[in-house]
Amino acid sequence: MIGLHGKRILLGVTGSIAAYKAAEWVRELVKEEAVVTVAMTEAAERFVAPLTFAALSGQAVHRDMFDAAPDRVMAHINLSREADVILVAPATAQTLARLAHGMADNLLATVVLAARIPVVICPAMNSFMLNHPATQDNIRRLESFGYHIVQPGSGELACGEIGDGRLADWDAARETLLSLFQPDDLRGKTILITAGPTREALDPARFLSNRSSGRMGFALARTARRRGAEVVLVAGPVHLPDPPGMEVIRVTTAEEMRQTVAGRARAADIVVKSAAVADFRPSAYAAHKIKKTQQDLRLELVRNPDILAELGANRSPGQILVGFAAESRDHAGEGQRKLRGKNVDLMIVNDILGARTGFDVETNQVSLIDCRGTTTLPLLSKEETADRIWDAVVRLRDGRSGDGE
Ligand code: CTP
């Protein structure tokens with residue numbers, strides 16, 4: 001099951017103005033059916049009332065290290081025993097210093113010190129405080145303990161300055177949390193993924209394109225990152241935000257995609273071409289808008305380069321190539337033809353006529369075709385489908401290393 005459904009998150013909130021954003025994070029977690037327990041420092045209570053977190057999480061908030069209630073006396077030990085992960089957000093400079101030096105002078109710090117579960121820390125503060133060598137040292141120290149730091153973003157800060165120090169976006173924190181529940185089997189691999197359609201301009205107002213939303217490619221990029229890969233995502237024009245933790249390169253035309261991919265493919269261990277590249281482009285671009293002066297208009301189109309076939313012809317040794325085929329009939333036959341014709345290791349074929357498997361929907365049902373045969377997956381979300389595709393890629397890679405390659 002993908003997502004944070006059923007995961008037990010202990011959220012430690014500390015005294016930063018960004019504490020109000022942590023309240024929003026609790027809502028997001030609860031929406032996803034995670035179980036959230038909140039522990040607040042005294043300073044955090046100056047910014048947001050514990051009642052807010054209690055109401056949003058549906059659980060009592062933990063605040064006092066010396067709470068004498070029988071079920072709370074051992075809170076500093078039990079809270080982390082009853083959680084899958086500790087998320088400290090926002091983490092102030094003071095909290096970073098406390099945790100980096102093993103000080104146990106409040107409930108949250110004692111809980112973290114006693115914990116045997118993953119700890120994710122999201123710093124938030126003024127940029128001078130963040131960039132001070134003391135804070136940077138503390139962050140490095142925390143990383144050396146194996147804690148996961150979600151780097152703050154940059155932009156306008158509550159103090160009026162512009163710089164680093166904003167609490168990371170929820171998307172980035174969520175991706176870090178999700179990565180904790182995934183295998184690390186793509187760590188050390190560089191993966192190049194293309195996604196979305198390309199757009200081929202006719203005149204300043206019009207273009208030829210297709211219905212690809214980019215969702216499948218973006219799902220592949222996110223899930224690969226969660227499994228530890230370094231990801232480069234080359235995306236055609238789509239309405240999806242950049243997934244955190246990777247390089248995203250936006251392109252428009254097939255030719256731009258080709259050049260970008262050519263420049264990056266050599267360094268990639270795995271290339272996945274999920275983009276729906278336009279096979280043709282107008283033979284000429286009209287510099288001014290084409291006017292309706294005649295009854296009929298015939299467009300002359302020329303072939304675009306086949307990027308995947310070029311990659312297949314020039315692949316570096318050991319590189320794994322994965323192609324996609326969106327088909328409306330003879331899925332297996334077309335998949336086999338493209339597997340051999342483009343010299344790829346794995347083809348992912350889907351039915352573009354199905355109501356829940358085609359373009360612009362959240363689900364997909366695909367067949368995985370390699371030289372050994374075909375495996376058809378059930379109807380799944382695009383992220384679940386992406387994970388199954390990575391499972392197949394990992395099997396391919398492990399099979400190869402078993403062959404002594
Ligand atoms: N592809 C590509 N460059 C192109 C066309 C397709 O790299 N100019 C890649 C796609 O990214 C996909 C695979 O080739 O991974 C198959 O794309 P598809 O459009 O299904 O097939 P085509 O090669 O265009 O073949 P056909 O037109 O016969 O369906």
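When a ligand or atom number is given, it counts from 1 through the structure's own listing order.
From Ser213, atom OG reaches atom CD of Glu362 across 8.0 Å, with rounding to the nearest 0.5 Å. Atoms OG1 and CG, on Thr375 and Leu368 in that order, are 6.0 Å from each other to the nearest 0.5 Å.
Looking at Arg337 against ligand 1, only its side chain comes within 4.0 Å, counting heavy atoms. The proximity of Ala326 to ligand 1, defined as any non-hydrogen pair under 4.0 Å, is limited to the backbone. Within the 4.0 Å heavy-atom criterion, the part of Pro305 lying near ligand 1 is the backbone and not the side chain.
Looking at Asn106 and Glu42, their side chains never bring a donor and an acceptor atom within 3.5 Å of each other. Residues Thr198 and Thr253 have side chains that never bring a donor and an acceptor to within less than 3.5 angstrom of each other.
With Val271, Asp306, Asn304, Asn350 as candidates, the residue nearest to atom 1 (N) of ligand 1 on a non-hydrogen basis is Asp306. Taking each of Ala275, Gly335, Gly323 in turn, the one with a heavy atom nearest to atom 10 (C) of ligand 1 proves to be Ala275. Taking all heavy atoms of Ile307, Asp279, Thr198 into account, the minimum distance to atom 5 (C) of ligand 1 is reached by Asp279. Looking at Lys273, Lys338, Arg281, Glu310, it is Lys338 that brings a heavy atom closest to atom 18 (P) of ligand 1.
A salt bridge between Glu45 and Arg63 is present, with a side-chain N of the basic residue lying under 4.0 Å from a carboxylate O of the acidic one.
Annotation: atom 14 (O) of ligand 1 to nearest protein heavy atom, Lys342 NZ, 2.9 Å. Protein heavy atom nearest atom 7 (O) of ligand 1, with residue, atom name and distance: Leu308 N, 2.8 Å. Scanning the protein for heavy atoms near atom 12 (C) of ligand 1, the closest one is Phe324 O, 2.9 Å.
Residues satisfying the salt bridge (Lys or Arg N to Asp or Glu O under 4.0 Å) test with Glu230, not counting sequence neighbours, are none. Asp269 pairs by the salt bridge (Lys or Arg N to Asp or Glu O under 4.0 Å) definition with nothing, not counting sequence neighbours.
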